[in-house]
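Heads up: the structure comes next, in structure tokens.
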Amino acid sequence: MDREDQRFKILGRAAGSNQVGRFERHTHEAVDDGWARDEVLPVLRTQTAIEVPRSVISYNTSPDLPFDRSINPYRGCEHGCVYCFARPSHAYLGLSPGLDFETRLIARPEAPLVLRRELAAKSYKVAPIAIGTNTDPYQPIEKKHEIMRACLQVLSDTGHPVAIVTKGSLIERDIDILADMAKRGLVRVGISVTTLDAKLSRLMEPRAPSPQRRLKMIRTLASAGIPVRIMASPMIPALTDPEMETILQLGRDAGARHASWIMLRLPREVSPLVQDWLATHYPDRAERIMSRLREMHGGKAYDATWHRRMRGTGPYADMVAQRFKVAVKRLGLGTKAPPMRCDLFRAPREVTAQMSLF
């Protein structure tokens with residue numbers, strides 16, 4: 001159904017609709033037939049399905065990304081950030097990028113075993129693996145499944161470098177592994193902070209830790225010797241971008257060594273979701289925000305052109321970029337982290353019946 005609020009009580013969710021994915025042949029829409037409804041609607045709960053992956057390392061050739069491979073322990077994300085550019089990926093599963101993305105999740109508990117097998121392949125060539133670039137590996141269901149921790153242990157055991165991006169405070173659980181990897185130059189972590197306004201954060205990132213909690217995460221990780229990047233991402237014009245300098249400063253004060261930023265991206269189904277969210281929560285500035293975005297993307301809500309999609313172009317985009325440049329220089333933050341070590345990698349031995357004799 002398009003409007004899940006016709007069938008469920010929607011609590012703590014950012015998306016307001018559940019339009020079918022772009023690959024489906026039919027759409028469905030709930031319509032008020034005029035009859036009064038006396039029943040109490042059930043609360044829309046999170047469901048988790050299990051997937052047995054054939055492979056877990058995804059490769060890309062995108063010229064504007066600093067990595068060529070990544071891992072996703074989960075599909076979908078319960079943090080439910082309304083602006084998440086990964087939402088359209090749920091359409092490949094026959095699910096909606098709307099509420100389905102944050103309520104119908106896929107866990108991949110066999111991922112650590114598959115990862116070990118892929119790293120053991122004779123053809124494998126080591127390079128940093130990125131985790132958290134699509135969906136958050138430390139979203140709430142990680143507490144139960146511990147897939148990320150198991151993957152991290154495989155990478156640590158093999159001396160493989162990894163770059164992690166997250167909003168999830170569960171990362172603190174894995175400081176024992178991360179701190180050891182940091183000593184060997186094998187890890188760096190990016191913590192994204194979109195706004196410092198707790199109310200705004202709760203509206204657009206309903207199940208993610210609060211901004212202050214994320215700053216505490218930076219402090220905890222940095223205190224353990226883990227290199228942390230403060231990510232002012234995504235910046236929403238005329239809504240959160242005025243906070244950029246303060247976000248960077250508080251991140252630096254908490255212990256972040258590096259910083260980055262990305263402008264709000266609205267690919268495919270994300271655009272109507274965000275526009276509906278703006279009309280609901282910020283009707284007074286919705287048109288101004290969309291006008292800024294169109295100005296940066298040649299009149300469109302989004303332009304996926306390489307090297308433009310992350311920042312946009314034009315006077316407003318240039319102004320935000322210049323503000324970032326001035327702020328990081330003043331704060332002594334780096335923008336490019338030193339390379340992680342790849343020379344420590346040792347391919348795992350495949351576990352076979354014969355090897356178990358030794």
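Values below: every heavy atom of this structure, side chains too, minus hydrogens, waters and symmetry copies. From a predicted model like this one, the values you see are computed outputs, not experimental measurements.
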Under a 3.5 Å cutoff, is there a donor and acceptor pairing between the side chains of [X] and [Y]?
X	Y	value
D303	T305	yes
R265	Y302	yes
T194	Y83	yes
Y74	E142	yes
E295	S291	no
T46	R104	no
Y138	D174	yes

Would you call the rings of F345 and H160 parallel, tilted or perpendicular, taking 30° and 60° as the class edges? perpendicular

Partner of E172 under salt bridge (charged side-chain N to carboxylate O under 4.0 Å, His left out), chosen from R213, K143, K216: R213

Atom [atom1] in [X], atom [atom2] in [Y]: separation rounded to 0.5 Å?
X	Y	atom1	atom2	result
I164	L178	CD1	CG	5.0 Å
D180	I175	CG	CD1	13.0 Å
N72	I131	CG	CD1	8.5 Å
L278	M290	CG	CE	7.5 Å

Cationic tip of R87 within the cone over F101's six-membered ring, i.e. under 6.0 Å and within 45° of the normal? no

Salt-bridge present (R214, E205; N to O < 4.0 Å): yes

Correct closest heavy-atom pair for L44 and R13 would be O-NH2, 3.5 Å

Verdict with reasoning, R323 to D318, per salt bridge (Lys or Arg N to Asp or Glu O under 4.0 Å): CA-CA 9 Å; R323 286 172 49 202; D318 292 344; over 6 Å; no

Evaluate whether atom CZ of R294 has more than 12 neighbouring non-hydrogen atoms of other residues, nucleotides or ligands under 6.0 angstrom away. yes

Hey, is CZ on R308 packed in by over 12 heavy atoms from elsewhere, all under 6.0 Å? no

